[in-house]
J.: 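Questions regarding the structure given below will be posed in turn.
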Amino acid sequence: MPAKILIPTPLRRLTNNEPEVEAVGSTVGEVLKDLENRFPGFKGRMFDESGNVRRFINVFVNEEDIRFSRGVETPVKDGDEVSLVPAVAGG
């Protein structure tokens, strides 16, 4: 059973407007790589030129922010929920 990936509205055009997709991998990085393989263009929206998750994209595994865990090396198990959340700013 793969992980469930929650796709934010700004990225849904890459997933054929699907709000939720499945992806496989044992880490967040592998899951994001699987998304790129299935939905070309994902990598460019998620990662900066250095290969790091863009600062304005928050990634959560089962509601835990990966920045406070192991980053893209955070483990992902079958059935986990991975949320991709763009930061919101303004006022």
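All residue numbers in this chain count up from 1 along the given sequence.
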J.: Grouping I, L, V, M, F, W and Y whenever their side-chain heavy atoms are under 4.5 Å apart, do Val61 and Val24 come out in a common cluster?
T.: no
J.: Roughly how far, to the nearest 0.5 Å, is the CD atom of Glu18 from the CZ atom of Arg13?
T.: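 If we round to the nearest 0.5 Å, Arg13:CZ and Glu18:CD are 15.5 Å apart.
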J.: Under 3.5 Å, side chain of Arg12 to main-chain N/O of Ile7, donor-acceptor pair present?
T.: yes
J.: Which atoms form the tightest heavy-atom contact between Met46 and Leu32, and what is the distance?
T.: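 Minimum heavy-atom contact is CE-CD2, 4.1 Å.
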J.: So which heavy atom on Pro2 is nearest to which on Glu22, and how close?
T.: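 That closest heavy-atom pairing would be CG-OE1, 3.4 Å.
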J.: Minimum heavy-atom separation for Pro40 and Asn37, please, with both atom names.
T.: CD-O, 4.4 Å
J.: Atom CZ in Arg38, atom CG in Asn16: separation rounded to 0.5 Å?
T.: 10.0 Å
J.: Only one of Val85, Val82, Val31, Ile5 forms a side-chain contact (heavy atoms from CB on, under 4.5 Å) with Val59, so which one is it?
T.: Val82
J.: Say you draw a straight line from CD1 of Ile57 to CG of Leu11; how long is it, rounded to the nearest 0.5 Å?
T.: 5.5 Å
J.: Looking only at heavy atoms, what is the nearest atom pair of Thr74 and Gly71, with distance?
T.: OG1-O, 2.6 Å
J.: For a 4.5 angstrom cut-off between non-hydrogen side-chain atoms, does Pro75 reach Arg70?
T.: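 They are in side-chain contact.
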J.: So how far is it from Asn17 CG to Thr9 OG1, rounded to the nearest 0.5 Å?
T.: 9.5 Å
J.: Under a single-linkage definition using a 4.5 Å side-chain heavy-atom cutoff for Ile, Leu, Val, Met, Phe, Trp and Tyr, are Leu6 and Phe39 assigned to the same hydrophobic cluster?
T.: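 Not linked; separate clusters.
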J.: Is it the case that one hydrophobic cluster holds both Phe60 and Phe47, taking links as side-chain heavy atoms less than 4.5 Å apart, direct or via other members?
T.: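 The answer is no; the residues belong to distinct hydrophobic clusters.
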J.: Between Lys43 and Glu36, which heavy-atom pair has the shortest distance, and what is it?
T.: N-OE1, 2.5 Å
J.: List the atom of Ile66, the atom of Val72, and the distance in Å for their closest heavy-atom pair.
T.: CD1-N, 4.2 Å
J.: Look up atom CG in Asn62 and atom NZ in Lys4, then write down how far apart they are to the nearest 0.5 Å.
T.: 9.5 Å
J.: How long is the straight-line distance from OG of Ser83 back to CD of Glu63, given to the nearest 0.5 Å?
T.: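 Between atom CD of Glu63 and atom OG of Ser83 there are 7.0 Å.
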